[in-house]
Structures are given as C-alpha cells and as structure tokens.
4 protein chains.
Amino acid sequence: MSEDQIKRKPGRPKGTGSIQTMQQILRTAAFLFMEQGFEKVSLESVAQACGVTKASVYYYFNNKSVLFTECLQFVLKMAYDQTSKIVSSTGSLKERMLVVAERHMNNAHVEFETMMREASSGLTEEQITSIRTSEQAIHELIGSVFQKAMDEGEIKRGDSMLLAHIFTAMLTVRNRKEIINNEKTVEQAAFEIVELLWAGLEPRS
Amino acid sequence: MSEDQIKRKPGRPKGTGSIQTMQQILRTAAFLFMEQGFEKVSLESVAQACGVTKASVYYYFNNKSVLFTECLQFVLKMAYDQTSKIVSSTGSLKERMLVVAERHMNNAHVEFETMMREASSGLTEEQITSIRTSEQAIHELIGSVFQKAMDEGEIKRGDSMLLAHIFTAMLTVRNRKEIINNEKTVEQAAFEIVELLWAGLEPRS
Amino acid sequence: MSEDQIKRKPGRPKGTGSIQTMQQILRTAAFLFMEQGFEKVSLESVAQACGVTKASVYYYFNNKSVLFTECLQFVLKMAYDQTSKIVSSTGSLKERMLVVAERHMNNAHVEFETMMREASSGLTEEQITSIRTSEQAIHELIGSVFQKAMDEGEIKRGDSMLLAHIFTAMLTVRNRKEIINNEKTVEQAAFEIVELLWAGLEPRS
Amino acid sequence: MSEDQIKRKPGRPKGTGSIQTMQQILRTAAFLFMEQGFEKVSLESVAQACGVTKASVYYYFNNKSVLFTECLQFVLKMAYDQTSKIVSSTGSLKERMLVVAERHMNNAHVEFETMMREASSGLTEEQITSIRTSEQAIHELIGSVFQKAMDEGEIKRGDSMLLAHIFTAMLTVRNRKEIINNEKTVEQAAFEIVELLWAGLEPRS
DNA sequence: AATGAATGAGTGTTCATTCAT
DNA sequence: AATGAATGAACACTCATTCAT
C-alpha cells in the first residue's frame, strides 16, 4: 500500500519523476474507481488526490477509458496474485478457500459487474475484452482449483466454473451493511459462508 | 440564428395527453436506472424514452433524486410482491426457492448495493433509509421463510438472515455473461445453484 | 392593507371569486415585487403565496410584464394618495414634509429606479411610460408643493422639481442597515434629514 | 443531426491567448453587473461580451457568486481610491465634495442597496460581509471628512455618518432621467445639490 | 372562474479533452 | 516532465407561457 513511502533505499532514486508519478496516479485512480465507480470519479479529482494537474494525468494516460482500463488490470492482477498464492499453499481446499474468502471480503470495492456495466459504454471493445480476460483469469484460477478437487474426490462433482462464480458471488455479502458491521465480523461471515457451502442446507438423516 | 427554424410556441401542445404520463415516466425511468445506474441516466434520456420533454418529467418529479427513489421503491415493491406470492405457495422449500431464483435471475438489473453506493451521495438521508427499508423487507421475507423451515427441521439450523443475503447474492451470477448466455440457460443455472445450496460440496461418505 | 378581511359586510358577498382573487394577486405580487425585484419573483411563487395556481395568475394577468406594470401602478397610486393627503393637510411645509418622510421611510421597498432598470428589458415602451408617468406624478405633486412654498417665500427659490427628486432620494437612506436598525429609529432619521435639508451645513456666522 | 455542422474539436484552440483574460472578464462582468444587476447578467452573456466561452469564465471564477463578489470589490476599491484622492486634495470642503459629487454621478450604475438585496440570497455570509465592508469603507471615508470639518467648525455639528449616507443618497438623482439628460447636465445638478446641502431651504431673515 | 398538464428556452455548473509552452 | 489556459458537450434544474377542460 504505502510500500514505496516507507522503504526508501539510500541514495538518489533513479526515476524520481516519471515512473513514480505514473505509478502513483495509477494507484490513486484505482482506489478511487473501486470506491466510487467510473462516472463519479473525475480526472480532476484523481489529479488533486495525487497532487498533480489534470494535464499531467493526460500526459500519462491518453484518456479516462485508458486510465480506467489500466487501473482495473492493475487491481485484477493484484487480486490474481494474492489468490494464486493462497490457493497454492498447503492445507485442505476448505481451509484455503476460507482464506480466499477472508481476503476478498476485506478489500472494499464496488461490485465488479456493476462497474463494468457503468463504464462499458465509454470503453472500446478491445478495452472491455482486455479487462474481461483479466477478470476471467481469476475465475479460471479458482475454477481450476475446484476442478482439481473434484477430480481428487475432495468435493462433489459439478460445473467447476459455475462453482467459482457462485463462490465469488457469495462473498459480496460483505457489502450488505446489515450483516457485516452490525452483528458479525468479516471473519465470522466468511467462516459461515464456507461452512454453508461445504455442508449444504439439507439436514443429514 | 434560429430564424429559419420552425418556431414552436411554448406552452401545452394541443392534442397530446396520453392516459397516464406519470406512470409511464416512472416505469421507463425505473427500467433505465436498473439497467444503467444512477449517474448514467440523464433526465433528458428518460424524457426522450417517454416521448415527453424534460420539463414534463420535472412536472411530476421534483428532481432526479426523487425520481430515483420512487423508481426503486416501485421496483422493490414489485419484487417483494412477486417473491411473497411465490414463497407462500405450496411445495417444498427447495421447490419454492427454485422458482424465486428463476424469477430473480430473469430480471436484469444492476446490482443493488452498487447502485446505492453510486447514488447515495445525491440522496437525502431520508431517501436512503426509505429505499433501504423497502429492500430490507425483501430480505426479511426470505429470511423468515428460511427461519420457519429451520424451526420445522426442513433445513439445518443457522443464521436465517445471513442465509437470505447469501441466497440473493448467489443469484447475481446471472450477471456473469460467461456463464449465462453462452453455455447455460438461466433455468439451468438456477437449478444448479439451488441444488448446490441444498447439498453442499462435501462428498457423502 | 387587510381592510377587506376585517370589515366584512353582512350577507353574501357579491363577487366572491373574481374581483377579490384578482385584488389579492395584485396585492401579493406587488408586495413581492417591492421586496425582491422583478427577476427574483416567479409567477409560481406569486401563485403559491396567494393559494392559487400559476394558471390562475395568467387568467387575470396576461403575462409577467402586465402583472408587474399593474402592481407598480397600484403601489404608486397608493403612494400618491398617501402623499397627497399629507401635503394638503395643515401645518408648515417643514412639518408636513417630515410626515411624508416618515411614511415613505417606513414602506420597505426596493429602490425604484433600480427595479425599473432590471425590469425594463422585458417591458414594452407603453408599459414603461405608463409606470414612469405614475411615478412622475408623485414627484410633480411634491414639486408643486415646493414651488408653492417658494412662491410664498416659505423656502428659498430654486428648481422645485430637482428639489423634489433630491428629497425622495434622501429618504432612501432608510435602506442602509448601518444607519437605521442599529443606532437610530426611522423617525429619528427622518427628523434629522428634514432638519438638515432646511438648515443646511453652513454654520451661521 | 449535427452531421452537417462543422465539428470543432474540444480543447484549447491554437492561437487565442490574449494577455490577461481574467482581468478582462472581471472588468466586463463588473460593468454588466453594475448596469443590469445580479440576476439579469448570465455568465453566458459575460462570456460572449469577452469573446470567450462560459467554461473559460468558470476557469477563473468558481461560480457566479464569486465572480459577483470580486466584481463588486473591484468597483468599490476603484470608487474608494477615486474618492480618497479627491477628499485629500486642497480646497474647501464644499469644493472637494462638489468634485466627489460630479465623479460619482458620472459613474452609471445600479443603486447599491438594491443590487445587494437582489443578489444576497445567492451569496454566502462571508461574501456579503466582505462586500459590505468594502462599501462601508467608502462611507466611513466620507464620514470622517465630514467629522473633521465639524471639529474644525467648517460645517455645523451633526451625525457625520448619517450625513455621509445622505450625501451619497442625494447623488442618486443622477439616475432620474427626467432631471439629467433633459434639462440639466450632470455638472449643473451636482452643483445645485451641493449648494442646497450647504445652504439649506430656510430663507435667511 | 380556475386549473392541471405540458413545453421551449434558458441558467449555472461540471467534465473530458486539447494545445502551446 | 509537467502545466495553465481554453473549449464543446452535456446535465440538473427553473421559468414564463400555453392549451384543453
């Protein structure tokens, strides 16, 4: 998050201005987009939050759509890496998915599909598919993990990709203020969700 | 400049008067809001879609926030009524929830939480709570059905309200184009979701 | 002012709706125009203040300019009558002008000239001259009184019409909040103004 | 629809850049506000009068209230400086006040109080007091001059601040078209006003 | 006599985008 | 590398005005 602030190697930094500024714009904009969605974020507000001018943002990103696209890819890549690390660790599938759930539910953000729908009219076909691809990668990652577990008999057989989507969809209850914040912690909710997914509703005879 | 334009006189045109303009505006706007979210829908576009002028929209609704609020309440009431009818019909809980799932997934719309987040900055506290209340009513309806089933031993015990939220969250996979539209019909997806929710992932010994 | 409310003759009033409504619109609008000027007063606000609809206002007055014109003439006629009564009463000129000053300064209103300038672009030549004539009548009334006093040696000779304008102009200090409201009452201010006008600044040798 | 229109690209045009756009906007807007008042001046008209776009006006002034406030302060500062120079020159008080009168009456403008009343609903408390302060400064300047003259016996004793207000109020006869323009020059009127103020109406015995 | 419904023309304001430096 | 100046397009909202009933 603020890795670049704290850990400063001694000596004059190489590219003080250029790459650093671009990275900061990217990070800041990504945060704002995830928080407020496409339309509500103005390039002016991005610039201000970065302490630069609007024109500077344009210097690095040709237009709002480009910035948005790169932001999403940045965020999705981070999510992919994080998830990848978790699922490839040791432990039972259930245990690992619980960690995935906790992490996912702690990253506050606008729901993906909605943001895409909002933005899509301003994006080119290319941009849309490029984002979709990055997003799909995550689902495929999770899907493949489920598939492997099915093959090994760890869980029941079924449509692994659909399962992956259902799983991520379940995690969006994080956004319901009535559930989280009031009565349960995120960890509790994540735990109950995974338990439910594993056990099902049907009472054992 | 506009000398060559046909100068329409202001004021009410002679023979317009459809039956219920207000209802039509409400319905049209509701559809557009659900499809595109708060910001992207301009009152101009609402007016055009209804075949009236912007000023006419303002004649019936004081401002965009009011229109939005009434639209959402309109939609939520319909959803509540629909759901209410289904859950109070005969059949096992699982059967009834399948119907709920099918209906819900066929109503295309932006995810609720995201839309609210997007719009909330423009709404008054009152408007927000009024919408929230309407929305909560649906969850409580579903939650109460789950609770009753728990009490009667039809399903396992658990947090019925959390379950209600999880259930509706699961239905949002409808928005994922990779799943629906390509490989599965909505009905298939709904069926598999309900099956999964009931049976769980754990393989029977 | 509220003469029509208090003094109600017994029996069914003749023209309950028509003339009464028109009078009320006129009075209300006049008050609003004097208070806020031409542009700031919307016909909607006039209607609301009267408890009727905008269309009703249009029923009695063809358009805003007409309403404005009639309002001003109404107000100016009242001012004329009031002034006329005062100046034709007994007492020295100075005494009578003091009463005029007090009355004038107690009627809160936007300065005349400014209001006219604001409104004039929307008025026809006819309307403007008709208002100007009514206004001029007041000045001529006061001017004639001054002239007579000059002829009779009660005051120094001079341009009586200019003097009339100066006199009314002096009374506009009523609008300066720093003077009235804080340190002086309207009556005190009126007194000092008249004293000053009579005695002049020059110290007697 | 606009296919046949020449589609100007957005963004800064190639060779515009006059020297000081902001100053010109300020001056032009100040003139328009003084001439027509707050409501009647649209930012569009200001822009047009300057040969720039509305958006350019917004580039320099955040909103109409800000522009209005800065305009008034600009005008008031000029008036203060002008008056200050005159009153601190040599000559008798009467001579100097005659010059003040002439200058003031030659600057065509809407009456101050009225303009403030019209605009005040759109201004913040801060803006109002900031303007009021600037205006009060002028009256205090004139008041102090009168006070000094009283102390030195050059004129009769009295409320110097009230006198200052009366004096400026008298000068508003400049706005009465029936007086100026037709029969008298501004200089004549100014002369007669000052004469009257000094000598008073009372005939010497 | 009075009104509800509808409209065209504006007004203030925001924003993505461009260009010269 | 970064910015200040400028713009066209859109948007939320208001208002005077008209017409049918």
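The shown structure was predicted, so the numbers you read here are calculated from the model rather than taken from an experiment. Here is the naming used below: chain letters follow the sequence lines, and residue numbers restart at 1 for every chain.
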(message) Strictly distance-based, threshold 3.5 Å: is any side-chain N or O of Q36(D) a donor or acceptor partner for the main-chain N or O of F33(D)?
(response) no
(message) For S65(D), is there any backbone N or O sitting under 3.5 Å from a side-chain donor or acceptor partner on T69(D)?
(response) yes
Is [X] touching bases, backbone alone, or none of the nucleic acid, heavy atoms closer than 4.0 Å?
{"X": "S42(A)", "result": "sugar-phosphate"}
{"X": "Y58(A)", "result": "base"}
{"X": "V41(C)", "result": "sugar-phosphate"}

Atom [atom1] of [X] to atom [atom2] of [N]: distance rounded to whole Å?
{"X": "F61(B)", "N": "dT14(F)", "atom1": "CZ", "atom2": "P", "value": "16 Å"}
{"X": "Q24(D)", "N": "dA5(F)", "atom1": "CD", "atom2": "C1'", "value": "15 Å"}
{"X": "F33(B)", "N": "dA12(F)", "atom1": "CZ", "atom2": "P", "value": "9 Å"}
{"X": "L43(C)", "N": "dT3(E)", "atom1": "CG", "atom2": "P", "value": "15 Å"}
{"X": "K64(D)", "N": "dA12(F)", "atom1": "NZ", "atom2": "P", "value": "21 Å"}
{"X": "E44(B)", "N": "dA9(F)", "atom1": "CD", "atom2": "C1'", "value": "13 Å"}
{"X": "K40(A)", "N": "dA12(F)", "atom1": "NZ", "atom2": "C1'", "value": "15 Å"}
{"X": "E39(D)", "N": "dA16(F)", "atom1": "CD", "atom2": "P", "value": "11 Å"}

Is any side-chain nitrogen or oxygen of [X] closer than 4.0 Å to OP1 or OP2 of [N]?
{"X": "S56(C)", "N": "dA1(E)", "value": "no"}
{"X": "T21(A)", "N": "dA2(F)", "value": "yes"}
{"X": "Y59(A)", "N": "dA2(F)", "value": "no"}
{"X": "T53(C)", "N": "dT3(E)", "value": "yes"}

(message) Taking atom types as they are modelled, would you say the side chain of K54(D) forms a donor-acceptor pair with the base of dT13(E) within the 3.5 Å cutoff?
(response) yes
(request) Map M22(D) and N63(B) onto DNA chain F by nearest heavy atom, then report which one ends up closer to the 5' terminus. (result) M22(D)
(request) Find the distance between CD (Q48(C)) and OG1 (T28(C)) and round it off to the nearest 0.5 Å. (result) 12.5 Å
(request) Hunt down the Watson-Crick or G-U wobble partner of dA1(E), both distances under 3.5 Å, from any strand shown, or write none. (result) none
(request) Would you mind pulling out the nucleotide paired to dC15(E), Watson-Crick or G-U wobble, both distances under 3.5 Å? (result) dG8(F)
(message) Is it true that, when you exclude F31(D) itself, more than 12 heavy atoms of the residues, nucleotides or ligands shown sit nearer than 6.0 Å to its CZ?
(response) no
(request) Check whether NZ of the Lys or CZ of the Arg K64(B) lies under 6.0 Å from the centre of the six-membered ring of F38(B) and within 45 degrees of that ring's axis. (result) yes
